[in-house]
Amino acid sequence: MAITQAMCTSFKTQLLTGTHDFTNGTGDTFKVALFTSSATLDATTTAYSTSNEVTGTGYTAGGNTLTNVTPTSSGTTAFTDFADTTWSTATITARGALIYNSTEADAAVVVLDFGSDKTSTAGDFTIQFPTADASNAIIRIA
Amino acid sequence: MFSVDVSVSADPIVAIHTTDKRGFTPEEVASRCVDKLMSVSETAHPLIKEQAKAFKRDMEKVVAYYMREAISSDRTTVYNALVDAGQPELADAVRRL
């Protein structure tokens, strides 16, 4: 069992079928769910599942709803971003996360590996997304 | 033939920030805020890079200052809501935070 950071292969296919809409406000609803180190998540993950999802005070199954940032481009690279998200007053431990599209049958988008277990105790647990530019944004098409 | 790259690196690409029995300080949130507002290219000219980093540090101070102002103002709102709810002692405890 392991969490391997990857852009899900099914998501790549769905990009070609126009499944996902990242537009702020009018686009699909994307969520991020946290998982323990017992989870198996990688490029073959196709949808959100509650298996080995984090449990604890301040965390609800399914995770947090993300705020989309309307896709843009710089040079020849298109990219999109999400606003940072926080679980407040949470007592949880997570090793990774799955971003998924709850509008489209919970279709998997990207698997995130935190590198090690991260814990908050009666505190805040925040995911900070990388700078939204052509070199660092969370989802880039180059 | 055209190729499109949508892969991600194996290294962690998101930063995780956690706290233990407290919330984030205005300075901690300001740092994340400024990270979102601007980035400094590692390939930029050294003088420009240093100037940009200095500007970023100044921005952090400004954002943190206004966050403290917002927190203080919100406490005033909470204080008055608690007084209106007949909880003057609790209101005073919040005011003293």
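Note: A:Ala142 leads A:Ala6, A:Ala78, A:Ala142 in heavy-atom pairs under 4.5 Å with chain B. Options A:Asp113, A:Ile139, A:Ile127 differ in how many heavy-atom pairs under 4.5 Å they form with chain B, and the most are formed by A:Ile127. For the set B:Arg32, B:Met38, B:Lys36, B:Lys21, the entry with the most heavy-atom pairs within less than 4.5 Å of chain A is B:Arg32. Across A:Thr89, A:Thr131, A:Thr126, the residue that shares the most heavy-atom pairs under 4.5 angstrom with chain B is A:Thr126.
Looking at A:Phe79, neither its backbone nor its side chain comes within 4.5 Å of chain B, counting heavy atoms on both sides. Using a 4.5 Å cut-off between heavy atoms, A:Leu15 contacts chain B through its side chain alone, with no backbone atom that close. Looking at B:Ser9, the atoms closer than 4.5 Å to chain A (heavy atoms on both sides) sit in the backbone and in the side chain alike. Looking at A:Asp133, only its side chain comes within 4.5 Å of chain B, counting heavy atoms on both sides. Looking at A:Asn136, neither its backbone nor its side chain comes within 4.5 Å of chain B, counting heavy atoms on both sides.
Within a 6.0 Å radius of NZ in B:Lys61, other residues, nucleotides and ligands contribute 12 heavy atoms or fewer. Other residues, nucleotides and ligands contribute only 12 or fewer heavy atoms inside 6.0 Å of the CD atom of B:Gln51.
The backbone N or O of A:Thr119 sits less than 3.5 Å from a side-chain atom of B:Thr18, completing a donor-acceptor pair. Not one N or O on the side chain of A:Thr121 forms a donor-acceptor pair closer than 3.5 Å with the backbone of B:Asp20.
The hydrophobic cluster containing B:Val6 does not contain A:Val111, counting ILVMFWY residues as joined when their side-chain heavy atoms lie under 4.5 angstrom apart, directly or transitively. Both A:Phe114 and A:Met7 are part of a single hydrophobic cluster, where members link through side-chain heavy atoms under 4.5 Å apart. Hydrophobic cluster membership differs between B:Tyr66 and B:Val29, with clusters built from Ile, Leu, Val, Met, Phe, Trp and Tyr side chains linked at under 4.5 angstrom. Neither A:Leu98 nor B:Val14 shares a network with the other; the hydrophobic side chains, linked directly or stepwise wherever heavy atoms of I, L, V, M, F, W or Y lie under 4.5 Å apart, form separate groups for each. A:Phe22 and A:Ile138 fall within a single hydrophobic cluster, where Ile, Leu, Val, Met, Phe, Trp and Tyr are joined by side-chain heavy atoms under 4.5 Å apart, directly or via other members.
Expressed to the nearest 0.5 Å, how far CG of A:Leu34 lies from CD1 of B:Ile16 amounts to 7.5 Å. In this structure, CG on B:Asp11 lies 7.5 Å from CD on A:Gln5, to the nearest 0.5 angstrom. Distance CD1/B:Ile13 to CG/A:Leu112: 5.5 Å, rounded to 0.5 Å.
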